[in-house]
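As the structure lists them, so they are numbered: ligands from 1, and atoms in each ligand from 1.
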Amino acid sequence: MTKEFVVKKLVFNKLAKIMSDIKYKVIVGLEIHVQLCTKTKMFCGCALSFAQQPNSRVCPVCLGMPGSLPVMNKQAVEFSILAAMALNLEIARFTKWDRKNYYYPDLPKNYQISQYDLPISNKGYIEIPLESGQTKKIRITRAHLEEDAGKNTHTSGDYSQVDLNRAGTPLLEIVTEPDMNSAEEVRALAIELQRIVRYLGVSEADMQKGHMRFEPNINLAITKDGIEYRTPIVEVKNLNSFRTIERSIIYETQRQLDEFIETGKTLKMGNKSTRGWDDDKQMTVLQREKEEAHDYRYFPDPDLVPVVWTDEDLERIRKNLVELPIEKRKRFIDNFGLSSYDAGVLTDEKSLSDFFDEAVSAGGDPKRVCNLITQTGLKIANEKGCKVNELGFDAKALAQLAKMVEEGTIGASSANIVLAEMAATGQTPDAIAQAKNLIQKNDTAEIEAAVEAVFAENEQAVDDAKNNPKKAQKALGFLMGQAMRKTKGQGNPKLISQILNQKLGI
Ligand code: ZN
Ligand code: MN
């Protein structure tokens, strides 16, 4: 044993001893920015853009030219209200715009138009599905509307580039209470929120395009010798993938735990700090001690009038609310007896859940329709790069196919072949089943005759099936196979099995 190894082992043992003495809980709250899919920016007529020629989607307003005046995008405010309603938030009747002042090259006005003390909404919650099949309510503090900044690109040379195409893009900022206690819960919230805004049609919520950006506030409640300690809160900035959200929380948990163990009870209750995620090193890096609200010198924007809502306005917006993914998921489980997993797959996208609903309304057995979609439909759609409802057959045709399986006209595995053909040719399931010779024989007399013929040819197997417990199972399988063959593979297996058992008297 080398000396170095012995030392490491001692340190490890000491750590293990400390670890066994302490308990800890992760505490996470989120700040989330969601880009709304309006046609134009928040306060000017410029089109929203992604990957366009830099500085080609700009005008005097979003360039912050002197003398230019902002005009509020009504659609953006209505989208925000709709999202706030879906998040069970209380909608403010009176709301105003504030300037958040700071200097940065991507912010040409030197202030961001945001909302400070009178946001569009307060006090709501989002219900998230957990792995266990349970759900959890995460409280939402507030949601407000603001404009995005431009984008700085730091080159390898001794200069940076500024692209202001994004400046002025409408953002819904959602702030949650610190109600999440694991990376999994945070991930579940991120995914559920993405589903909700897509269901509502207020955001494309494309993570890769930066449409949703997450900033987890993470700290730990550590209990040692009966005393609870709280580590200082760390805010991790600007995460735009589910993977980095999860990893940064796991990393911070370990880092804060290590820091606590090193400093022990002398842990300094420092200020909240801001860290960034370094994806190459897979770790968070200290950026700065957290600034306070008063650093921004918030004050009401004198160029914009407050927004006042009437009951009629809010009722009109509320009409655009749709059944939310979690409600749909519960309905699919409760009313149709689907598994939580299947219900999750079917409700991931609104278009798919609607297609499923339509097929069930058209008379398709829910479980059959679900199997056809999840076993074959999604696979073909994935290969073709489209959605299931774009495969070339409608929900009625899918319901028809499900009925054919239910009635024993075709077998369950044949149905998948028929579905693939429906996607390829757009023909009806019936025509395809006929043409491909997949219609099952359900003629009892014919099947009885086939079974009798099989019995006559295989006396030993019949005897084993009836009288030899050791061989019965195998003999039965053999007789089943022979009967299927007698019907040229077209006998309804369920019916054959019934008649076999009946005739064998088992
Ligand atoms: Zn503009
Ligand atoms: Mn913000």
Side-chain angles (χ1 to χ4, degrees), residues 29-36 38-50 52-77 79-80 83-84 87 95-104 106-122 140-151 162-176 193 197 203 210-217 235-240 272 274 276 287-288 290-298 301 303-304:
L30 283 174
E31 278 175 36
I32 308 151
H33 287 91
V34 180
Q35 180 177 320
L36 301 174
T38 50
K39 288 201 180 71
T40 57
K41 292 186 183 178
M42 190 61 233
F43 298 107
C44 65
C46 293
L48 297 199
S49 79
F50 178 76
Q52 305 279 350
Q53 170 86 18
N55 300 309
S56 64
R57 296 289 189 276
V58 290
C59 74
V61 174
C62 55
L63 286 176
M65 298 285 190
S68 63
L69 287 170
V71 177
M72 185 191 89
N73 182 336
K74 194 177 174 200
Q75 179 74 84
V77 186
F79 275 176
S80 304
L87 297 173
T95 174
K96 69 175 172 66
W97 304 100
D98 299 287
R99 291 185 178 183
K100 181 182 182 181
N101 298 277
Y102 66 97
Y103 169 82
Y104 211 59
D106 62 12
L107 190 73
K109 297 195 297 289
N110 287 350
Y111 62 83
Q112 176 193 29
I113 304 177
S114 181
Q115 299 192 294
Y116 183 51
D117 54 341
L118 294 171
I120 57 157
S121 60
N122 283 293
I140 296 175
T141 320
R142 60 183 270 165
H144 72 251
L145 190 52
E146 62 186 29
E147 57 174 348
D148 206 350
K151 198 176 177 181
V162 182
D163 176 9
L164 294 173
N165 281 354
R166 201 181 66 185
T169 297
L171 293 179
L172 179 66
E173 179 175 328
I174 300 162
V175 182
T176 81
L193 182 64
V197 294
S203 175
H211 291 171
M212 285 180 97
R213 307 197 291 269
F214 294 83
E215 294 173 348
N217 282 245
E235 176 171 339
V236 185
K237 298 301 280 186
N238 250 331
L239 302 172
N240 62 356
K272 182 171 168 177
T274 299
Q287 289 180 335
R288 58 179 187 269
K290 179 73 180 176
E291 61 283 340
E292 299 291 334
H294 61 249
D295 295 331
Y296 290 114
R297 295 158 31 239
Y298 278 98
D301 192 311
D303 292 339
L304 288 158

Check your understanding: For Lys272 and Glu235, what are the C-alpha separation, side-chain angles and deciding distance, and is it a salt bridge (Lys or Arg N to Asp or Glu O under 4.0 Å)?
Key -> CA-CA 7 Å; Lys272 182 171 168 177; Glu235 176 171 339; 3.4 Å; yes
Exercise for review: Tell me, with the steps shown, if Asp301 and Arg99 meet salt bridge (Lys or Arg N to Asp or Glu O under 4.0 Å).
Suggested key: CA-CA 6 Å; Asp301 192 311; Arg99 291 185 178 183; 3.1 Å; yes
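Contact between Leu164 and Asp106 at its shortest, heavy atoms only, is CD2-O, 3.7 Å. Listed here is the closest heavy atom pair of Gln115 and Thr95: NE2-OG1, 2.6 Å.
Ring-plane geometry between Tyr298 and Tyr116 is classed as parallel, the angle between the planes falling under 30 degrees on a 0 to 90 degree scale with a further cut at 60.
Between the side chain of Asn238 and the main chain of Gly276, no donor-acceptor pair closer than 3.5 Å is present.
Note on the Zn ion (ligand 1): protein N/O/S atoms under 2.8 Å are Cys44 SG, Cys46 SG, Cys59 SG, Cys62 SG. Annotation: protein N, O or S atoms under 2.8 Å of the Mn ion (ligand 2) (waters excluded) comprise His33 NE2, Glu146 OE2, Glu173 OE1.
Around atom NZ of Lys96, more than 12 heavy atoms belonging to other residues, nucleotides or ligands sit under 6.0 Å away. Crowding of Tyr104 atom OH: a count of heavy atoms from other residues, nucleotides or ligands under 6.0 Å not exceeding 12.
With contacts defined as side-chain heavy-atom distances shorter than 4.5 Å, the pair Trp97/Met42 qualifies.
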